[in-house]
Amino acid sequence: MNSHNTGVDNAGLTPEDLAALRQGLLEQRAFRQEQLREFDRASPARADRVAHRPAASQLEVHVKLAASARMVLADVEAALERLETGQYGGCELCRWPIPLQRLRIVPQARHCARCQQVKEVGR
């Protein structure tokens with residue numbers, strides 16, 4: 001058998017690894033969902049914005065934080081889907097398994113550290 005893993009079959013992660021990573025993803029999803037609810041509650045209604053005129057910089061920060069939370073939530077949802085379909089843990093670029101240490105830090109990771117670095121340099 002070839003030692004090169006294509007990302008199928010959860011990249012050789014043990015059931016215990018997968019359970020712990022799933023739990024972390026579920027916690028991250030709950031956190032991001034609550035964060036977005038907080039942003040929605042903190043977002044003043046249009047009439048309030050006109051009356052109180054929050055600084056443009058405050059609105060910009062609020063918008064950027066909410067967008068970032070939505071992006072992370074989408075990544076977490078995609079990782080949970082990969083877990084369900086057995087595609088979790090393999091780099092989407094090189095197809096090698098993403099090291100468990102990286103997944104523990106960034107459980108929604110789609111790429112190994114090397115490919116992530118190459119991808120970021122290419123932006």
Side-chain angles (χ1 to χ4, degrees):
M1 183 169 159
N2 185 349
S3 65
H4 183 84
N5 193 309
T6 61
V8 176
D9 201 20
N10 290 316
L13 295 166
T14 68
E16 294 79 14
D17 293 336
L18 291 170
L21 291 163
R22 176 180 282 112
Q23 184 60 39
L25 286 164
L26 292 171
E27 290 169 8
Q28 179 74 249
R29 178 171 66 184
F31 171 78
R32 295 301 174 174
Q33 289 170 334
E34 179 58 28
Q35 188 179 36
L36 287 168
R37 282 191 292 274
E38 287 295 321
F39 284 136
D40 286 346
R41 282 193 285 274
S43 181
R46 177 152 170 63
D48 289 342
R49 285 196 306 266
V50 171
H52 296 102
R53 296 271 182 206
S57 61
Q58 288 177 313
L59 287 175
E60 184 179 348
V61 166
H62 181 87
V63 167
K64 286 183 178 184
L65 287 173
S68 177
R70 278 191 294 278
M71 245 176 42
V72 172
L73 179 58
D75 287 346
V76 167
E77 294 286 358
L80 286 166
E81 179 64 26
R82 290 191 305 276
L83 262 167
E84 294 304 314
T85 61
Q87 302 298 308
Y88 182 80
C91 177
E92 292 182 358
L93 292 177
C94 72
R95 302 294 183 207
W96 283 93
I98 299 170
L100 180 58
Q101 311 87 282
R102 177 165 168 73
L103 291 172
R104 285 183 176 146
I105 296 167
V106 186
Q108 69 271 24
R110 294 174 185 261
H111 307 102
C112 65
R114 186 179 61 83
C115 288
Q116 183 67 40
Q117 205 169 26
V118 168
K119 191 173 177 254
E120 288 176 5
V121 168
R123 285 187 182 167

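Heavy atoms only: backbone and side chains are in, while hydrogens, waters and symmetry mates are out. Please read these numbers as outputs of a predicted model, since none were measured by experiment.
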Does Q35 have any side chain to side chain donor-acceptor pair (under 3.5 Å) partners at least two apart in sequence or in another chain, and if so, which? R32
Q117: side chain to side chain donor-acceptor pair (under 3.5 Å) partners, not counting sequence neighbours: none
Go through it in stages, so that I can follow the logic: the residues are L103 and L13, the test is side chain to side chain contact (heavy atoms under 4.5 Å, CB included), and I'd like the CA-CA distance, side-chain angles, deciding distance and then a yes or no. CA-CA 10 Å; L103 291 172; L13 295 166; 3.8 Å; yes
Measure the shortest side-chain to side-chain distance between E34 and F31 over non-hydrogen atoms and say whether it is less than 4.5 angstrom. no
If you group Ile, Leu, Val, Met, Phe, Trp and Tyr whenever their side-chain heavy atoms sit less than 4.5 Å apart, what else falls in with I105? V106
What's the shortest heavy-atom distance between A79 and Q108, and which atoms? CB-CA, 3.7 Å
What pairs with R114 under side-chain contact (heavy atoms from CB on, under 4.5 Å), at least two apart in sequence or on another chain? C94, C112
Taking L93 as the starting point, is it possible to reach V118 by hopping between hydrophobic residues whose side chains are less than 4.5 Å apart? no
Selection residues 73-82 - residue pairs positive for side chain to side chain donor-acceptor pair (under 3.5 Å), sequence neighbours left out: R29-E77
Could you tell me which residues satisfy side chain to side chain donor-acceptor pair (under 3.5 Å) with Q101, sequence neighbours excluded, listed by chain and number? none
First locate atom CZ of R110, then atom OH of Y88, and finally report the distance between them rounded to the nearest 0.5 Å. 11.5 Å
Close side-chain approach of I98 to H111, heavy-atom, < 4.5 Å: no
About how many Å separate CG of L18 and CD of Q23, when rounded to the nearest 0.5 Å? 13.0 Å
Would a single hydrophobic cluster contain both L73 and F39, if residues Ile, Leu, Val, Met, Phe, Trp and Tyr are joined by side-chain heavy-atom contacts under 4.5 Å? yes
Inter-residue atom distance D17.CG - R104.CZ, 0.5 Å rounding: 6.0 Å
Closest non-hydrogen atoms of L36 and A66, given as atom of the first, atom of the second and distance, are CD2-O, 3.6 Å
